[in-house]
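What follows is a single structure, written as structure tokens, with notes after it.
Residues: numbered from 1 along the sequence shown. Atom set for the values below is all heavy atoms of this structure, side chains included, hydrogens, waters and symmetry mates excluded.
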Amino acid sequence: MLVVFAVAGWTLWTQRDQMVESLAQIGPWPFLASLAFASLGTALTFLEWREVLRGFGVTMPLAAGSRVFFVSQLGKYLPGSVWPILMQMEAGRRYGATRATMLTSNVFTIALSCTVGMLLACAVLPFSAPGAIAHYWWALLALPFLLVLLHPQTLPRILNFALARLGRAPVTERLSTRASLRAAGWVVLSFVFLGAHLFFLVWPLSDQHPSTFPLALGAISLAVCVGVLAIPVPAGVGVRDAVIVLVLATSIGTAPAVLVAVTSRVLVTAADLILALAAIALTHRRPPPDPRPPHP
């Protein structure tokens, strides 16, 4: 926890000069509105994760689950991008979930988020930034594999094959279609809020055309998915920003697009920190006093 908080805090500190420039060009109110929507969009990913866990038979309390999820999400700022999954696998054991079940739930959550994000990008970018799809066509090659992973039988069978070779107990739970659709609904809503987050950064720098929101929604959807697929890169740093710049540059120019991408990166990092600290504060309770008399 100390390491992930330190790395996320250092990320914010190193971008302080860019934030001063962003405030000057974008303005304080769009800046704050963007931070608010980044926080809401990120918070909704927790509800997706919790819905998937419930579908796999893991009942995670709301308050305790938020602490597990938001604190572990800071691990994505470490190289490798696997630390959130490892932290959640260990935390899930407190609530009767095996490591295998937690792993299956997390991989399904990532696959679902990427699938929905790519479908949203494919729906809006051909009309707002057609060059972006042509440039990142290779990312769409992952879509058929992601759709296969979303089948209720695929992930458990793959994992059970590996567990059998290791002599471990198999995963017996299967995610229902209803639970998958509920989780997908949270993903769509999360991307809409993240699109609003980017929209408030782009709007003051653009010609303020109504197509700005679909452009922002497509940019953030494609950027998040490409960033997730770049597994060795911590939190998709650089990769995610490059996608945003490419999509937005055709509308607002390269220099403003770079400013928006850097500002978005910092605000999403700030949202991650705010949510993690809020979850810790909400779940921090002193143990109740022992009603029994002291032992003589």
TODO: Identify the heavy atoms of M87 and V71 that sit nearest to each other, and give their distance.
DONE: CE-O, 4.2 Å
- [ ] Would you confirm whether T45, through its side chain, and T42, through its main-chain N or O, come within 3.5 Å as a donor-acceptor pair?
- [x] yes
Task: Separation between CG of L215 and OG1 of T250, rounded to the nearest 0.5 Å - done: 6.5 Å
Open item on the list: With heavy-atom distances below 4.5 Å as the criterion, would you say the side chains of D241 and V262 are in contact?
Closed with: no
Open item on the list: I'd like to know whether CH2 of W186 has more than 12 heavy-atom contacts from other residues, nucleotides or ligands below 6.0 angstrom.
Closed with: no
Task: Atom pair CD1 (I26) and OG1 (T263), whose distance is rounded to the nearest 0.5 Å - done: 4.5 Å
- [ ] Search all heavy atoms of G195 against all heavy atoms of F213 and return the closest pair with its distance.
- [x] C-CE1, 3.8 Å
TODO: Give the cluster check for W203 versus I220: same hydrophobic cluster or not, with ILVMFWY residues linked at side-chain heavy-atom distances below 4.5 Å.
DONE: yes
- [ ] Write out all pairs satisfying side-chain hydrogen bond (donor to acceptor under 3.5 Å, both in side chains) with one or both partners inside residues 31-40, taking only residues at least two apart or from two chains.
- [x] S34-H197
TODO: Taking the side chain as every heavy atom from C-beta outward, state whether L217 and F199 have any atom pair closer than 4.5 Å.
DONE: no
- [ ] Determine, using the 4.5 Å side-chain heavy-atom cutoff (strictly less than), whether V58 and L62 are members of one ILVMFWY cluster.
- [x] yes
Open item on the list: Hydrophobic clusters here meaning ILVMFWY residues chained together by side-chain heavy-atom distances under 4.5 Å, can you tell me if F191 and L201 are in one?
Closed with: yes
TODO: Please name the pair of heavy atoms, one in P256 and one in G253, separated by the smallest distance, quoted to 0.1 Å.
DONE: CD-O, 3.5 Å
Open item on the list: Using every non-hydrogen atom in the two residues, find where L198 and A219 come nearest and quote the distance to one decimal.
Closed with: CD2-CB, 3.8 Å
TODO: For residues G218 and A121, report the shortest heavy-atom separation together with the two atoms involved.
DONE: O-CB, 4.1 Å
TODO: Measure the CE-CD distance between M102 and Q88 for me, rounded to the nearest 0.5 Å.
DONE: 5.5 Å
Task: Spacing of R50 atom CZ and T59 atom OG1 [to the nearest 0.5 Å] - done: 8.5 Å
Task: Atom pair CG/CG of L40 and L35 - distance to nearest 0.5 Å - done: 9.5 Å
Open item on the list: Can you confirm whether I280 sits close enough to R67 that some side-chain heavy atom of one is under 4.5 Å from a side-chain heavy atom of the other?
Closed with: yes
Open item on the list: Does the plane of the ring in F200 sit parallel, tilted or perpendicular to the ring in F37? Use 30° and 60° as the thresholds.
Closed with: parallel
Result block: side-chain N/O donor-acceptor pairs under 3.5 angstrom for residues 107-114, not counting sequence neighbours:
unit_1: T109; atom_1: OG1; unit_2: S105; atom_2: O; d: 2.8
unit_1: S113; atom_1: OG; unit_2: E48; atom_2: OE1; d: 3.1
unit_1: S113; atom_1: OG; unit_2: E48; atom_2: OE2; d: 3.0
unit_1: S113; atom_1: OG; unit_2: T109; atom_2: O; d: 3.0

Task: Spacing of L47 atom CG and R54 atom CZ [to the nearest 0.5 Å] - done: 9.0 Å
Open item on the list: According to salt bridge (Lys or Arg N to Asp or Glu O under 4.0 Å), does anything in residues 267-276 pair up with another residue at least two apart or in another chain? List the pairs.
Closed with: K76-D272
TODO: Answer yes if L120 and V268 sit in the same cluster of Ile, Leu, Val, Met, Phe, Trp and Tyr residues linked by side chain heavy atoms under 4.5 Å apart, and no otherwise.
DONE: no
Open item on the list: I need the minimum non-hydrogen distance between G55 and A179, along with the two atoms involved.
Closed with: CA-CB, 4.1 Å
Open item on the list: Against L275, only a single residue in F46, F69, F70 fulfils side chain to side chain contact (heavy atoms under 4.5 Å, CB included); can you say which?
Closed with: F70
